[in-house]
Amino acid sequence: MARIVAALSRETLAGMDAKMEALAKLEAFSEEVDAVLARRKSNSAVRRAVKAWRRGNIPRAGQLALAATEADDTNSKAFHVLAMALERMGHLHKALVTYERAVALDPDDPELLIDLGMTAWNLKMKEGAVKMFEMYINARPDSPLGYNNLGSVQGDMGKLTTAIETLRSAIYRMPSEAILWNSLATVLAEEGRVEESLVFYNEAVKLEPGFGRPYHNLGYAYQHLGRLAEALESYDNALVHMTDPGEIMEAKHSRSICLIGMGRLEEGFREYEIRNDERFRAYIHHMVKAPLWRGEPLDGKHILITGEQGLGDEFMFANILPDLQRAVGPNGKLQIGVDRRLHTLFKRSFPDADVGNCDDRMLIDHNGKKELRFVPFAVENGTPDFYAPMGTPLHVFRKRIEDFPHEAFLKPDPERVAHFRDLLQANGPGPYVGICWRSMLIDTKRAKYYSALDMWGPILKTPGVRFVNIQYGDCADELARAREMHGVDIQTIEGLDLKNDIDGAAALSAALDLAISAPTAAAACAGSVGTEVWFLTAGRTWPQLGTDEFPWYRKSHVFSPTKFGDWNELMPRVAERLAAFAAR
């Protein structure tokens, strides 16, 4: 028989509602407890991540910060630390996204805007970086950090006048902030106002004597001005006060360059080896199992030497290759890995060596960004006994200026040399003077080192000289303007690609009587085949090794203005010397 269910009374319903409400409160409380526990666990991981960061263990800091985000995905601090670790390890795009997540969780934390802006800047998203720094300034108008970063990124964008005004206005408001004086000095130096920058660097040092970075930058400025003893003292002071491992390595590298520029070669080239430390910013991982050569005997050994840095340095450092060929002897093997464009020229110059090409790639792993250098030709028939970047043997073979042989060390194609000489002579008698006035890579920071061809009027008007273009890259407009301004035709060899046909460029250089050039790959190419080279530099440079020449080459001379970058003062002096050269 079916049972009849009685209707629920109002009291009964009320009791059930109370129970449901109690259950809901218990559930909410439980969730609050869980959230508190999750945040506590997350914060604990964040604290351990920060400790790992302070110890310099960035990968571990990143792992702990990731665990913190997994424990509590609403903890903005955890995402902040994770983003910092990702950025430090080279994962910039991931860092940017992670910073954005942190900002979304805590939009009232202005410190996140600074880090987000810095990441955007590193990704070349400079307009985005400007917006972040401006937002930070609005949130923290009394903090120097926003103005410092805003002025710095404006300078990097080439807006030097705007950058100077941003930093100058901030200094008026906060005159005791050393970081602002340091950044204003850096912008002035990048604009070529190096002498003026000294005042601001020194003020930064005066305001905060324990701040290492201004000492380093002050050394850099002194070095540009040729005041190398003062530069060395500044680098030494920087190393006393710096604590960041990366900054310390940079200062040691800068100090080694200063020593080399002073002519203290044995000490300088030895200290220059810091670039082979795996922790150095520009370290290149050579994908060979051989150990780095540190000066061990080479007779009968197999050593791989690879080019480093730019094409000009590959030319210049090749000065050492004849020494290495003699050192391995008839029973050893010298392998040379170079830029593909240099292969033919180097193979002709070093017929007893095995010449091949390097393949450089970029890898980003859990430890950060790494530049990898593959040299497959070098391991086809066994692993070398040693490997070394091309500049490393300098600390063994070039301890004194007298160790530089002052002779040609690369051999151009004699048939092409004769061909180019015939082409030059077809236009009339010489002397034939090649000219190159700039690098292909010109930005705000590099522009101050080079003169525009427009300024070469006194040189180009030297009577009796036939000028030949050895400037690589597209320069047709500059040549046309020089013809219009100075009434001089600069001969261009039709069909010769000076950028990619390096063997042809070397042959043309050998056909010249003289090359006048900025310190570029074109100048290094000419010097390496034995052509006399006059270097036009904005100030003293370290490859001079404390002399008034580039001792790496057979015959050279360096012309620098009395005041850094004052090309108008320099050009008439060079023209006077060229007139005497032509008269001979």
Side-chain angles (χ1 to χ4, degrees), residues 39 42-43 46 49-50 53 61-62 65 68-69 72-188 190-191 200 204 208 211 213 244 443-445:
R39 178 56 61 90
S42 179
N43 284 341
V46 169
V50 171
W53 180 286
T69 66
D72 182 357
D73 62 2
T74 66
N75 189 346
S76 68
K77 304 302 182 187
F79 283 98
H80 192 167
V81 177
L82 177 58
M84 290 169 59
L86 289 168
E87 180 182 11
R88 186 68 171 265
M89 292 189 294
H91 302 278
L92 297 183
H93 287 283
K94 291 180 180 179
L96 185 70
V97 172
T98 307
Y99 277 129
E100 289 174 339
R101 176 69 182 275
V103 170
L105 290 169
D106 189 1
D108 295 326
D109 183 356
E111 306 309 321
L112 283 167
L113 297 172
I114 283 291
D115 288 334
L116 182 56
M118 290 299 298
T119 305
W121 187 1
N122 288 331
L123 286 167
K124 310 301 181 185
M125 300 164 60
K126 297 176 185 178
E127 294 292 348
V130 166
K131 291 180 181 178
M132 293 300 105
F133 298 147
E134 288 175 341
M135 289 172 65
Y136 179 87
I137 290 170
N138 289 333
R140 297 281 303 276
D142 296 325
S143 169
L145 200 55
Y147 304 98
N148 177 78
N149 289 10
L150 178 59
S152 298
V153 74
Q154 288 168 336
D156 194 34
M157 295 169 74
K159 300 178 179 179
L160 297 175
T161 302
T162 302
I164 290 170
E165 185 53 38
T166 295
L167 293 165
R168 197 192 305 274
S169 298
I171 287 173
Y172 285 142
R173 295 185 59 182
M174 294 167 275
S176 61
E177 294 291 348
I179 191 174
L180 296 172
W181 291 87
N182 175 70
S183 292
L184 178 55
T186 300
V187 173
L188 290 169
E190 297 299 352
E191 196 180 20
F200 296 89
E208 195 172 342
F211 185 16
R213 196 177 308 157
D244 181 82
D443 56 20
T444 303
K445 293 182 179 181

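From a predicted model like this one, the values you see are computed outputs, not experimental measurements.
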Interatomic distance, CG@L105 vs OG1@T74, rounded to 0.5 Å, equals 6.5 Å
Of T166, N149, T161, the one forming a side-chain hydrogen bond (donor to acceptor under 3.5 Å, both in side chains) with Q154 is T166
So the ring-ring contact (aromatic ring centres under 6.0 Å, His included) pairs with at least one residue in residues 134-187 (sequence neighbours excluded) are W181-F200
Tightest non-hydrogen contact, residues W53 and A61, listed as N-CB, 3.9 Å
Take a 6.0 Å sphere around NZ of K131 and say whether it holds more than 12 heavy atoms from other residues, nucleotides or ligands.
no
Applying side chain to side chain donor-acceptor pair (under 3.5 Å) to N43 and not counting sequence neighbours gives N75
By side chain to side chain donor-acceptor pair (under 3.5 Å), N182 pairs with (sequence neighbours left out) N217
Heavy atoms of A85 and G62 approach each other most closely as CB-CA, 3.6 Å
Please set out all donor-acceptor pairs under 3.5 angstrom arising from side-chain atoms of residues 93-104, sequence neighbours excluded.
residue	atom	partner	partner atom	Å
T98	OG1	K94	O	2.7
Y99	OH	E87	OE1	3.0
R101	NH2	D73	O	3.0

Minimal heavy-atom distance between A78 and S42, with the atoms involved, is CB-OG, 4.0 Å
Residues passing the salt bridge (charged side-chain N to carboxylate O under 4.0 Å, His left out) test with D109, sequence neighbours excluded, are K77
Rounded to the nearest 0.5 angstrom, the CG-CG distance for L113 and L145 is 11.0 Å
Salt bridge (charged side-chain N to carboxylate O under 4.0 Å, His left out) filter on E111, not counting sequence neighbours, yields R140
Quick note, salt bridge (charged side-chain N to carboxylate O under 4.0 Å, His left out) partners involving residues 167-185, not counting sequence neighbours, are D142-R173
Taken to the nearest 0.5 Å, the spacing of L92 CG from L123 CG works out to 4.5 Å
P110 and A139 have their tightest heavy-atom pair at CB-CB, 4.0 Å
Residues passing the side chain to side chain contact (heavy atoms under 4.5 Å, CB included) test with A49, sequence neighbours excluded, are L64, A65, V81
Separation between OG1 (T69) and NE2 (H80), nearest 0.5 Å, reads 14.0 Å
side-chain contact (heavy atoms from CB on, under 4.5 Å) test vs N148 passes for just one of L184, V153, I179, namely I179
Step by step, would you call T162 with M157 a side-chain contact (heavy atoms from CB on, under 4.5 Å)? CA-CA 10 Å; T162 302; M157 295 169 74; over 6 Å; no
Residues at least two apart in sequence or cross-chain that pass side chain to side chain donor-acceptor pair (under 3.5 Å) with E165, listed by chain then number, are S169
Here the gap from M132 atom CE to L150 atom CG, rounded to the nearest 0.5 Å, amounts to 12.0 Å
Those residues at least two apart in sequence (or on a different chain) that pass side chain to side chain donor-acceptor pair (under 3.5 Å) with W121 are D156
